[in-house]
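Here is how names work: the chains are called A, B, and so on, in the same order as the sequence lines, proteins then strands, and each is numbered from 1. In what follows, every heavy atom counts, from backbone to side chain, and hydrogens, waters and symmetry copies are set aside.
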Protein chains: 2
Amino acid sequence: MKTNKSLLFKGISDTELKQLYNCLRAHQSEFVAGEEIYSFGGLRSVLGVVLQGRVAVKKIDRNGNVTILDHIQKNGVLSNAFAFSQTDGNYISASAVENTKIVFFDYNNVFKRCQKACEFHSIFVENLFDIVIEKSKTLSQRVEILSNKTIREKILSYLNIALKNSINNVVTLPMSLTSFAEFLCVDRSAMMREMKKLSQSGIIKTDKRVITVLKREYI
Amino acid sequence: MKTNKSLLFKGISDTELKQLYNCLRAHQSEFVAGEEIYSFGGLRSVLGVVLQGRVAVKKIDRNGNVTILDHIQKNGVLSNAFAFSQTDGNYISASAVENTKIVFFDYNNVFKRCQKACEFHSIFVENLFDIVIEKSKTLSQRVEILSNKTIREKILSYLNIALKNSINNVVTLPMSLTSFAEFLCVDRSAMMREMKKLSQSGIIKTDKRVITVLKREYI
DNA sequence: ACTATATTGTTGCAAAAACTACAAAAGGTG
DNA sequence: CACCTTTTGTAGTTTTTGCAACAATATAGT
């Protein structure tokens, strides 16, 4: 199994990894772009980690409106343990954005120490813990962005978070403007209008999905 | 130390707990209602678990508008590892809603196995893991609620989640209607108006903070 | 290179929400 | 009980947003 190492396996050698996969009853699946992650909705207590590619969790309502609930990158966690609840009128789908590799394990096996009491098992648990904490962090930021009442504030909140660990004042959106609107849970045209206003006020400068923040004190 | 046991210490005896507190360098703090959790914003890599009481994480913007970002109940986790980011214009505050006990530990000590290699240490890690997973779940639900564009949909989404594990069709809000509006990140008066409409349509029936869902197929 | 498809950019209009303000009811406290 | 504070309930007005529709680019596939 060749793959550039996931954070999940940091500090675990390839030999150990093979053993670990065995004692955790892990299985790896591959999905082509657009394919739905069937294992996600179905089974209980499944924990999946994206090794390669990207997964989008979307909500499609009665009227066909799409909202992006989550964007799971490499090393991201996928689990019905903290999944979105399917409502009657809405359909929630997890699907591969590009070709994606996911490793699934049964949540119950993660903490059961195997007979050999392999020491890398605890390293694995720590890594998994880090990933879940990271997921919480991302979700918290998402809530913070969505908690704003106006589109303008949502955009600025996003930019603010994106600039947190950045030296320059340039944010390149990791998605299309269409997807960005879905991510902010707002209408695309209304968002475009708001970005135009921000540009006209001289607070930002936009070129497609590259946003330069000119007046950082405003965000 | 007398306290009704937190999920965090499930399967760990009181004697073991004392030992664990020691090897994790844990310290417990108490806060009176309204008091701010000073340890929260300050230190790095702190992990806190609410043993008793409740904590509200609020965002106060330039104009003094309050939005509830998070509501941490008993067993909930408090951590700057996945905290909300403080923006220039906004002030983020974690404060005790009622008298609250919190146990803090250094995140770095959690995974370091103590010399005695106490077995309950791994039980503790598993418990902590469950709590963090639970937090992710709550945050995901929050995102799902906030992802709705209209107030009406936000309310219905909330009710839907609240009714998931319920036998009857009654939801009693665990907070005032004022706080509920802050939780949904909408204007209170607009929310009241929307609830009135829902009542008039015969979809729900309200009496203060007790909401009875009459037509479950609508939510 | 051509064609189909997705993305970006823009507008008018209708709908929804925020803001403001006020009154009534409920709850807590000395 | 009387007072103060919070919560609940309501309405008018303004602002923001969503919706629909369309044109102009850009991108990908054959």
Side-chain angles (χ1 to χ4, degrees), chain A residues 32-34 56 58-59 61-68 95 97-99 145-157 171-201 204-211, chain B residues 32-34 56 58-59 61-68 97-99 145-158 171-201 204-211:
Chain A
V32 297
K58 296 180 181 183
K59 181 185 75 179
D61 72 10
R62 311 167 208 256
N63 308 319
N65 298 311
V66 176
T67 319
I68 292 187
S95 57
V97 178
E98 42 196 84
N99 292 355
I145 293 168
L146 296 181
S147 76
N148 291 290
K149 288 198 183 104
T150 64
I151 294 180
R152 182 194 176 94
E153 286 168 340
K154 285 190 174 92
I155 296 170
L156 292 180
S157 180
V171 176
T172 303
L173 298 177
M175 55 190 125
S176 71
L177 289 168
T178 307
S179 294
F180 186 50
E182 288 169 359
F183 178 81
L184 296 183
C185 304
V186 298
D187 181 77
R188 188 188 61 84
S189 71
M191 183 191 78
M192 298 292 278
R193 182 161 37 199
E194 212 54 50
M195 285 180 74
K196 200 180 173 187
K197 275 193 201 169
L198 284 168
S199 295
Q200 286 170 343
S201 312
I204 63 172
K205 197 177 58 142
T206 65
D207 176 36
K208 308 276 177 212
R209 65 189 69 172
V210 180
I211 304 170
Chain B
V32 297
K58 297 178 180 184
K59 183 187 73 179
D61 72 10
R62 311 167 207 254
N63 307 319
N65 299 311
V66 177
T67 319
I68 293 187
V97 178
E98 43 195 83
N99 292 354
I145 292 168
L146 296 181
S147 75
N148 291 290
K149 287 196 184 110
T150 64
I151 295 182
R152 182 196 177 93
E153 285 167 342
K154 285 190 175 93
I155 295 170
L156 293 180
S157 180
Y158 176 89
V171 175
T172 303
L173 298 178
M175 55 190 123
S176 71
L177 289 169
T178 306
S179 294
F180 186 50
E182 287 170 359
F183 179 82
L184 297 183
C185 304
V186 298
D187 181 76
R188 188 189 60 83
S189 70
M191 183 192 76
M192 298 292 279
R193 182 158 34 201
E194 212 54 51
M195 285 180 74
K196 199 180 174 187
K197 274 193 204 170
L198 284 168
S199 294
Q200 285 169 344
S201 312
I204 63 171
K205 198 176 58 143
T206 64
D207 177 37
K208 309 277 176 211
R209 66 188 68 172
V210 180
I211 304 170

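- Rounded to whole Å, the distance from CZ on R193(B) to P on dG9(D) is 15 Å.
- Side-chain N/O atoms of S189(A) and base N/O atoms of dA20(D) include a donor-acceptor pair closer than 3.5 Å.
- In the set dA17(C), dT10(D), dC13(C), the nucleotide with an atom closest to the side chain of R188(B) is dT10(D).
- In this structure, the side chains of K196(A) and Q200(A) come closer than 4.5 Å at one or more pairs of heavy atoms.
- Atom CD1 of I151(B) and atom CZ of R193(B) lie 8.0 Å apart (nearest 0.5 Å).
- Note on T178(B): a base of the nucleic acid sits closer than 4.0 angstrom, heavy atoms only.
- The CE-P distance, from M175(B) to dT7(D), rounds to 13 Å in whole Å.
- The CD-P distance, from E182(A) to dT17(D), rounds to 18 Å in whole Å.
- For the pair K196(A) and dT11(C), the criterion of a side-chain N or O lying under 4.0 Å from OP1 or OP2 is met.
- Rounded to an integer number of Å, the gap from CG of L198(B) to P of dG9(D) is 14 Å.
- If you check every strand for non-hydrogen atoms under 4.0 Å, R209(B) touches sugar and phosphate atoms only.
- A straight line from CD of E153(B) to C1' of dC19(D) spans 14 Å, rounded to a whole angstrom.
- When rounded to the nearest whole Å, the span between CZ of F183(B) and C1' of dT7(D) equals 19 Å.
- Here the side chains of I211(B) and M195(B) are in contact, with some heavy-atom distance below 4.5 Å.
- No side-chain heavy atom of L198(A) sits less than 4.5 Å from a side-chain heavy atom of T206(A).
- Between M191(A) atom CE and dT11(C) atom P there is a gap of 16 Å when expressed in whole angstrom units.
- At dT25(D), none of the side-chain N or O atoms of K208(A) fall inside 4.0 Å of OP1 or OP2 (strictly under the cut-off).
- In this structure, NZ of K197(A) is placed 7 Å from C1' of dT16(D), rounded to the nearest angstrom.
- Considering only the side chain of K149(B), dC19(D) comes nearest among dC19(D), dT20(C), dG9(D).
- If you check distances only, the side chain of S176(B) never reaches the base of dT6(D) with a donor-acceptor pair under 3.5 Å.
- Enclosure of atom NZ in K149(B) by more than 12 non-hydrogen atoms of other residues, nucleotides or ligands within 6.0 angstrom is indicated.
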